[in-house]
Structure formats: C-alpha cells, structure tokens
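Contents: one structure, followed by commentary.
Whatever order the structure lists them in is the order used to number ligands and atoms, beginning at 1. All values derive from a computational prediction rather than experimental measurement.
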Amino acid sequence: MTLLILAPNARPKIWAREIKLLDPNLDVRIWPNVDHLDDITYALVWDAPKGILSSLPNLRIIFSMGAGVDHFFLDSTLPENVTICRVVDSLLTDAMCEYVILHTLRYHRNQPELEKQQKSHTWNDLSDKQIHAKDQTIGFLGMGELGKACATILAEMKFSVYGWSRSPKNISGVSCFHGTEGLKTVLQKSKILICLLPLTKETKGILNACLFSKLPKGAYLINAGRGQHLVEEDLLSALDIGQLSYATLDVFNEEPLPVEHPFWEHPQITITPHNASITDPKSVSKQIYENIRREAQKIPLLNTVNRRLEY
Ligand code: NDP
C-alpha cells in the first residue's frame with residue numbers, strides 16, 4: 001500500500017514526515033517521485049495538476065488536505081468509484097471561529113469608523129451607533145462543521161444568530177432556516193452576513209447583487225468560504241451605493257489576489273490572504289492514518305464527501 005502526496009505547493013515533505021511518524025511501515029511518495037503508478041492506493045491532494053489522479057489505476061481513497069473539496073471537481077478526469085475524504089479537525093474549526101469572531105466584533109464595535117477617526121485625531125465615542133450584542137443580527141450561510149461552531153459561540157455571546165443550510169437543523173441558541181424561503185428570512189435579518197458554504201454548482205456566485213439587495217441597508221459581509229461564491233463587481237456596486245458598508249474577504253476568485261486588483265485599495269474592503277484557518281499537518285495526519293486503518297479493516301471511513309452534492 002502506497003500513499004502519494006500530490007500537493008506541490010502545500011509543504012509535502014512535512015506531511016510525509018507526519019504520516020511516517022504515525023505509520024513507519026506505510027510507503028509514502030511525493031509527486032513526481034513515483035516509480036510505478038500502479039503501486040499507489042491512496043492520494044493526499046491539494047491543488048494538484050489535473051489528470052494525475054486518473055492515471056493511478058489502483059487508487060482507493062483520495063484525501064483532501066483541506067475542508068473544501070471544490071478543487072477536485074474542477075478536474076473532469078477525477079476517477080469515479082474512488083472514495084473522497086475531506087478534513088474535519090477541531091484545530092481547523094477553532095481557527096475559523098477566531099477569524100469569524102475577530103471580524104464580526106470589528107464590525108459590531110464600529111472599529112473601521114474608529115480607525116478613520118484616529119487618522120483625523122477625532123474623539124467621538126460613537127455611542128449613537130453602538131448597539132448591544134442582543135440587538136445585533138448575524139446570519140450564517142452554511143451551518144456545517146465550521147458555520148455551526150462559529151454561530152454557537154456568537155449565540156453564547158448573546159448575539160442574535162441566524163443560520164441557513166440545505167437541510168433543516170436544530171442548534172441551540174441559533175434560529176435555523178433552510179431552502180429558498182429560509183434564505184430570504186436569514187438575509188432580511190442579517191446585518192452581518194458570514195459565508196461558510198462549500199463551493200458547489202449550487203452555491204457558485206451566490207453572493208451577488210440580488211442577494212445583497214435582500215440584506216438590511218448598510219450590512220457587512222464576511223466571506224471565508226470560497227472566492228467564487230462572490231460576484232466581485234456586484235460587491236463593488238453594493239459598496240458604492242451603500243447597500244453594503246464593509247466587506248472582509250479571505251478567499252478570492254484568483255489567488256494570490258493579483259497586485260492590480262481593485263479590492264486591494266478599496267477603503268471598505270479588508271483582505272486576508274486565505275489564512276482564516278489553515279490545515280495543521282500533524283493533527284490532520286491522524287485522520288488520514290485512521291481512515292487508512294479503517295479501510296484495511298473494512299470499517300466505514302470518516303469525513304467522506306458526497307460526490308453528487310460536491311461537499
Ligand atoms: P460542511 O460540509 O461541514 O458544511 C457545509 C454547510 O453548507 C452545510 O451546513 C450545508 O448544508 C451547507 N450547504 C451546502 N450546500 C448548500 C446549499 N446549496 N444551500 C444551503 N446550504 C448549503 O463544510 P465546512 O463547514 O467544514 O466548510 C465549509 C467551507 O468553508 C469549505 O467547503 C471551504 O470552502 C471553506 N473553508 C475555508 C477556509 C479558509 O481558510 N477560508 C478553511 C476551511 C474551509 P447541510 O448541513 O444541510 O448539508
């Protein structure tokens with residue numbers, strides 16, 4: 001049994017070391033150092049060149065190095081009948097909670113206005129603008145591993161939290177909605193909207209002018225899902241007309257964000273370089289090892305992806 005690490009830009013040697021520490025007997029190769037393609041039974045993948053996975057005739061499991069698996073479905077040659085597993089990891093979830101809480105509180109506490117005031121040496125406590133957490137409405141698009149964890153913490157902090165998902169949910173402290181009508185309700189309520197959806201056929205371009213028009217005037221957007229959720233020119237227009245006040249973006253259609261991109265200089269856009277939550281190789285190697293063990297013992301695998309739903 002051989003594991004191939006197919007992730008040229010994602011520290012493959014560190015992953016190889018961590019996995020070998022867990023299972024010294026596992027044969028681990030780093031692409032392109034493979035002698036016989038038919039030796040490969042497992043592949044650990046991030047941003048791989050298209051077409052390689054389909055050249056591995058004995059591949060049994062594809063592991064994504066991240067929680068998102070949209071990168072696989074861009075490859076039209078993705079082999080069928082091979083199980084895909086993704087990352088669900090408490091460290092990844094904790095980091096996303098930190099990111100979402102940081103940027104939510106920044107908007108809740110009017111921090112961009114305060115920073116502007118500091119530049120002009122203005123002393124104004126903004127008490128006319130500051131509201132209590134219970135009166136601040138926060139909406140989540142996506143109530144999976146990440147959305148649910150972030151929403152729960154904000155609810156515990158007494159914010160009014162709404163969540164939208166594909167299937168119905170019951171989450172303590174969070175008003176949960178699903179489906180088209182449910183989306184309308186969540187948008188109407190959300191002064192701060194946070195996108196933690198997976199990128200799929202259904203969610204591509206969901207953050208568009210029509211969606212923004214349903215938010216309360218002057219709403220804030222935080223997108224830590226994927227860049228292709230957002231229609232970039234619609235965001236710029238919504239900021240221009242005041243339908244949105246500010247946006248925090250961690251993910252972009254093109255990454256790294258091109259140096260000449262208008263988002264860099266926009267006074268109402270905060271950019272982070274896709275670092276909201278980064279996979280920890282040591283922690284995540286354990287679930288790869290566990291799934292390899294399970295497969296050998298014919299036990300159901302953890303964190304499998306539904307290919308039809310693309311997440
Ligand atoms: P999950 O698969 O656990 O959750 C996805 C959520 O989205 C679920 O609640 C699901 O609904 C909902 N959803 C999916 N499709 C639809 C739809 N068509 N309509 C309504 N709701 C939908 O994913 P995670 O929470 O683990 O991760 C979410 C995404 O976050 C990843 O796919 C990735 O793109 C992004 N991410 C970004 C990172 C960063 O650093 N910026 C780091 C890690 C992840 P249901 O519950 O009904 O299935």
Of all the atoms in ligand 1, which lie at a distance below 4.0 Å from a heavy atom belonging to [X]?
X      : result
His274 : 39 (C), 40 (O), 41 (N)
Gly225 : 34 (O), 35 (C), 37 (C)
Ser277 : 40 (O), 42 (C)
Leu197 : 7 (O), 12 (C), 13 (N), 21 (N), 22 (C), 29 (C), 34 (O)
Gly68  : 31 (C), 32 (O), 33 (C)
Val251 : 41 (N)
Ala276 : 39 (C), 40 (O), 41 (N)

I want to know if ligand 1 touches [X] in the polar sense, i.e. an N/O pair below 3.5 angstrom.
X      : answer
Asn275 : no
Ser167 : yes
Asp70  : no
Leu146 : yes
Gly144 : yes

Checklist entry - Heavy-atom contacts under 4.0 Å between Arg226 and ligand 1: side chain, backbone, both, or neither? => result side chain
Checklist entry - Side chain or backbone of Glu202 under 4.0 Å from ligand 1, or both, or neither, by non-hydrogen atoms? => result side chain
Checklist entry - Would Glu232 and His261 count as having a side-chain donor-acceptor pair, cut-off 3.5 Å? => result yes
Checklist entry - Between Thr248 and Tyr107, does any side-chain donor sit less than 3.5 Å from a side-chain acceptor? => result yes
Next on the checklist: Nearest non-hydrogen contact with atom 46 (O) of ligand 1 belongs to which option: Lys148, Lys169, Met143?
Outcome noted: Lys169
Checklist entry - Which is closest to atom 11 (O) of ligand 1 by heavy-atom distance: Arg166, Lys204, Met96? => result Arg166
Considering only the protein, which heavy-atom contact is closest to [atom], and what is its distance?
atom                    : result
atom 15 (N) of ligand 1 : Tyr311 CE2, 3.7 Å
atom 28 (C) of ligand 1 : Leu196 O, 3.4 Å
atom 26 (O) of ligand 1 : Arg86 NH1, 2.9 Å
atom 5 (C) of ligand 1  : Pro198 CD, 3.6 Å
atom 19 (N) of ligand 1 : Trp164 CH2, 3.2 Å

Checklist entry - Hey, any chance Met65 and Val69 share a hydrophobic cluster, counting ILVMFWY side chains that come within less than 4.5 Å of each other, even indirectly? => result no
Item to check | Ring geometry between Tyr42 and Phe63 (parallel below 30°, tilted from 30 to 60°, perpendicular above 60°) | outcome: tilted
Next on the checklist: For Tyr220 and Tyr246, take the angle between the two ring planes, folded into 0 to 90°, and tell me which bin it lands in: parallel under 30, tilted 30 to 60, perpendicular over 60.
Outcome noted: parallel
Checklist entry - What residues, two or more places apart in sequence or in another chain, satisfy ring-ring contact (aromatic ring centres under 6.0 Å, His included) together with Tyr162? => result none
Item to check | Shortest non-hydrogen contact between Leu230 and Leu221, atoms and distance | outcome: CD1-CD2, 4.2 Å
Checklist entry - About how many Å separate OG1 of Thr203 and CG of Leu141, when rounded to the nearest 0.5 Å? => result 10.0 Å
Checklist entry - So how far is it from Thr270 OG1 to Arg106 CZ, rounded to the nearest 0.5 Å? => result 3.5 Å
Hey, is [atom1] on [X] packed in by over 12 heavy atoms from elsewhere, all under 6.0 Å?
X      : atom1 : result
Asn33  : CG    : yes
Lys189 : NZ    : no
Gln118 : CD    : no

Next on the checklist: Taking only non-hydrogen atoms of Asp250, do any sit less than 4.0 angstrom from ligand 1?
Outcome noted: yes
Checklist entry - Does ligand 1 have an atom under 4.0 Å from some heavy atom of Ala224? => result yes
Next on the checklist: Please determine whether a side-chain nitrogen of the Lys or Arg among Glu115 and Lys119 lies less than 4.0 Å from a carboxylate oxygen of the Asp or Glu.
Outcome noted: no
Checklist entry - Taking it one step at a time, do Tyr99 and Thr272 satisfy side chain to side chain donor-acceptor pair (under 3.5 Å)? => result CA-CA 10 Å; Tyr99 183 88; Thr272 53; 2.6 Å; yes
